[in-house]
Each structure stands twice: as structure tokens, then as C-alpha cells.
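What you see is a predicted model, and the numbers here were worked out from it, not measured in a lab. To find a chain, count down the sequence lines: A is the first, B the second, and so on, and within it residues start at 1.
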Protein chains: 2
Amino acid sequence: MQIITIQPEAIFQALADETRLRIIRLKVVTGDESCLCELVDSLQEPSYKLSRHLKILRQAGLLSSQKEGRWVYHRLVTTPAYLAQLYATVQALPDSKGIYRADLKRFRDRLCLREDGRCQVGIQSEAFKTEAG
Amino acid sequence: MQIITIQPEAIFQALADETRLRIIRLKVVTGDESCLCELVDSLQEPSYKLSRHLKILRQAGLLSSQKEGRWVYHRLVTTPAYLAQLYATVQALPDSKGIYRADLKRFRDRLCLREDGRCQVGIQSEAFKTEAG
DNA sequence: TGCATGATTGCACTATAGTGCAAGTGTTGT
DNA sequence: ACAACACTTGCACTATAGTGCAATCATGCA
């Protein structure tokens, strides 16, 4: 079920937070769906924090979520067309501090732990910790 | 002088407000530069309110402002390229409540009061008031 | 059935943002 | 010099957003 955004500014409000922008940008670049624990390991942020930001993104209509057993997979919503256009803009943003590059690297490493394309392991924060945080 | 935005989320923060989105959208559609009093008449909002929102947009790097006598003209900043891309997205947003259409109509009417392409008259709010507000 | 675990949420706290009023700044024209 | 006017801003107030802790929900497995 997808929640339609009524107020246009809600879309920008959803992206007006560093953590949420990291989430969206990671998904824009990879295109993959991912569960919360994979995001926790990739962004190195506590699960309750990401869970709340995911909810906000869902309510803004940018993400759709689907439960599979214990795991909840989140993916980008790409319609209406202006959302796809928005994601292209997000992808074009500068990454002066290298945050998104670091997130992406951890995410790619984390994907290696999947089996049959599904997450099996839960939070492994320590294993993916880097000096950058 | 243009202020460079350091944090990408600041751009979205700047657009995460209905009034500021109305300002940007009006400028995206028309492409014109405009002074504060023209915006006051177009958006039917008090000048102190718009003045503050214009400042925020300026600090975010979306607008540049230039003083000409008593009047201050504001125009869109279109570089770097992702800003132009962002404006295209803004233009593609739905206008379910007809707000932007009404703003645009008042703005076009207001432009008729210019002489030699420059504003001459100051705030005329009452003259542009519509039943919609 | 009970436990481990992925995910969510209630609560309290803090910081920030938006607003209206009123005062102030700077420029034009008389 | 003075008044008018376009525009800005200090102040107080209110509402909202983000965060951490801890409790809770929900599912799979022994």
C-alpha cells in the first residue's frame, strides 16, 4: 500500500535530514531493496533511529515496505515520474565529505552476507565499523 | 555574491516550506526576477514573512539578490547543474489545490504595473486580493 | 511454549523553525 | 531636512522535529 503525498513540500521535508538523505541516496545508487539491519550496518546508526526515519520516508511516499518473516524490506517508490526525477537530482548531489561513498562501500560488503538474495544475519555493526564512524 | 551550500540536505530544507516552495515555483515557471513587493502581491503574504523566507533561500544558494534603489530583485541561481535539475522537478510537482496557478496569475497581472521592465509601485495587496486568499 | 531477535514505539528532553508585532535601515523625492 | 516607502530584523511565542533510552511487538526456532 502506497501513501500518496498531498503536500508537495512534504517530499522535500522528507529529504531535509542528513540521515534520510543517506538512506535515499544509498537506495538510489544501488537500486536494491534492503532491510533495516542492513541499513544499520551500512550507515552505522542505531536501529531505532533508522526505523523512525524509514517511517517518515514511507509516509512521504518515497519508500514502500514489505515484511518477510522477521525482516522488513524497503524499496524506493519511483512513481509518479517526478519522484524518479527527484532521485536523479539526489544522485547528482556532491559528496564532499565522502559520506555516501563510505555508506555505499559498507552496504556492498554487507550484501555479501546474504543467502539466496535475502538477509539472514541481523545487525553486525561492529564488523562494519570504520575509522570514519 | 553567491553562498555555496555545503550540506546537501540544506537544499531540501530550503524547499521544505510551503511559502518558500511557492516562491521558487513561481520563479521557475516565469523565469523572471522580481522584487519583494511583487511577491507580496502575488503570494498575498506579509512582506516581513517573505523577506525572511527569501533570506533563507538566499543562504541555501537558491536565490541571488540585487539591490536597485529601493527595490531588491531576486532571481534563481541555476548553477551547479543539479539545481537546474531540481527546479525541473519542482515544476513537475502537482498543483492539486491550485495554489501555484493562482500565484502565477496574480504575478502576471502584477508585472503589468512595471514600467521599462522595473517595478515602480510598491505593495498593492488589496488590488490583487482574490476570494481564494 | 518459551526464548532470541528484527523491528517498532512511548516517553522525556532539547533544539530548531515559523510567525506576528513593532522597531529599525536605507533610499527616493519633495 | 523631512516624509514616504521598500525592505529587514530583534523579540517573544508556539509548534514541530530529532534523539536516546527502554519497553514492546512480532516472528522463527528450539
Side-chain angles (χ1 to χ4, degrees), chain A residues 7 9-23 33-60 63-74 110 113-115 118-126 133, chain B residues 7 9-23 33-60 63-74 110 113-115 118-126 133:
Chain A
Q7 294 169 320
E9 62 267 23
I11 297 172
F12 296 112
Q13 179 63 49
L15 296 174
D17 176 273
E18 181 178 6
T19 305
R20 293 197 292 269
L21 199 52
R22 287 171 72 191
I23 294 172
E33 62 184 2
S34 52
C35 59
L36 178 62
C37 59
E38 290 173 334
L39 288 175
V40 169
D41 289 345
S42 303
L43 273 60
Q44 296 280 302
E45 297 282 352
S47 60
Y48 60 80
K49 181 176 175 180
L50 293 184
S51 179
R52 264 194 270 249
H53 283 303
L54 288 169
K55 184 178 182 180
I56 293 171
L57 290 169
R58 215 181 307 131
Q59 290 174 335
L63 289 183
S64 69
S65 302
Q66 184 182 351
K67 190 162 190 170
E68 284 187 24
R70 295 197 240 204
W71 288 272
V72 178
Y73 287 90
H74 307 272
R110 183 58 163 76
L113 300 185
R114 283 194 188 177
E115 295 175 19
R118 297 283 105 178
C119 180
Q120 305 288 341
V121 297
I123 296 172
Q124 311 283 326
S125 298
E126 292 299 325
Chain B
Q7 294 170 321
E9 62 268 22
I11 297 173
F12 297 111
Q13 178 64 48
L15 296 175
D17 176 274
E18 182 177 6
T19 305
R20 292 197 292 269
L21 199 52
R22 288 170 72 191
I23 295 172
E33 62 184 3
S34 52
C35 60
L36 178 61
C37 59
E38 290 174 333
L39 289 174
V40 168
D41 289 346
S42 303
L43 273 60
Q44 295 280 303
E45 297 283 351
S47 59
Y48 61 79
K49 182 177 174 180
L50 294 184
S51 179
R52 263 195 270 251
H53 283 303
L54 288 169
K55 183 179 182 180
I56 292 171
L57 290 169
R58 215 180 308 130
Q59 290 174 335
L63 288 183
S64 69
S65 302
Q66 184 182 350
K67 189 162 190 170
E68 285 187 24
R70 294 197 242 205
W71 287 272
V72 178
Y73 286 91
H74 307 272
R110 183 58 163 76
L113 299 187
R114 283 194 188 178
E115 295 175 19
R118 297 283 105 178
C119 179
Q120 304 289 339
V121 297
I123 296 172
Q124 310 283 325
S125 298
E126 292 299 324

Select base, sugar-phosphate, or nothing to describe what B:Cys35 touches, counting heavy atoms under 4.0 Å on all strands.
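Sugar-phosphate contact only.
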How is B:Val121 classified with respect to the nucleic acid when contacts are heavy atoms under 4.0 Å: base, sugar-phosphate, or nothing?
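Result for B:Val121 = sugar-phosphate.
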Expected output: side-chain [X] to main-chain [Y] donor-acceptor under 3.5 Å:
X: A:Arg20; Y: A:Ala14; result: yes
X: A:Arg22; Y: A:Leu43; result: yes
X: B:Glu38; Y: B:Cys35; result: yes
X: B:Tyr73; Y: B:Cys119; result: yes

Between [options], which one does the side chain of [X] approach most closely?
X: A:Val72; options: C:dT8, C:dT19, D:dC7; answer: C:dT8
X: B:His53; options: C:dG18, D:dC7, D:dG20; answer: C:dG18
X: A:Lys67; options: D:dC7, C:dT27, D:dT27; answer: D:dT27

So, under a plain 3.5 Å distance rule, would you say the side chain of A:Arg52 forms a donor-acceptor pair with the base of C:dG10?
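Answer is yes: a donor-acceptor pair is held.
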Quick one: is C:dT8 close enough that its OP1 or OP2 comes under 4.0 Å of any side-chain N or O from A:Lys55?
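Looking at the OP1 and OP2 atoms of C:dT8, neither is under 4.0 Å from any side-chain N or O of A:Lys55.
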B:Arg20 side chain near C:dA17 phosphate (N/O to OP1/OP2, under 4.0 Å):
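The answer is no; no side-chain N or O of B:Arg20 sits under 4.0 Å from OP1 or OP2.
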Nearest whole Å is fine: how far is [N] [atom2] from [X] [atom1]?
X: A:Leu50; N: C:dG6; atom1: CG; atom2: C1'; answer: 13 Å
X: B:Arg70; N: C:dG26; atom1: CZ; atom2: P; answer: 16 Å
X: A:Gln13; N: C:dG18; atom1: CD; atom2: C1'; answer: 12 Å
X: A:Gln120; N: D:dT27; atom1: CD; atom2: P; answer: 18 Å
X: A:Tyr48; N: D:dA22; atom1: OH; atom2: C1'; answer: 10 Å
X: A:Ile23; N: D:dG18; atom1: CD1; atom2: P; answer: 11 Å
X: B:Asp41; N: D:dA6; atom1: CG; atom2: C1'; answer: 12 Å
X: A:Tyr73; N: D:dT27; atom1: OH; atom2: P; answer: 15 Å

Using heavy-atom distances to pick each residue's nearest nucleotide on DNA chain C, tell me which of B:Gly69 and A:Ser47 is more 5'.
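The 5'-side residue here is A:Ser47.
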Of B:Lys49 and A:Leu54, whose nearest nucleotide on DNA chain C comes first from the 5' end?
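It is A:Leu54, whose closest nucleotide lies nearer the 5' terminus.
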Pick the nucleotide of DNA chain D nearest each of A:Trp71 and A:Glu45; which residue has the one closer to the 5' end?
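Nearest-nucleotide comparison on DNA chain D picks A:Glu45.
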From CG (B:Leu39) to NE2 (B:His74), nearest 0.5 Å
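If I round to the nearest 0.5 Å, the distance is 6.5 Å.
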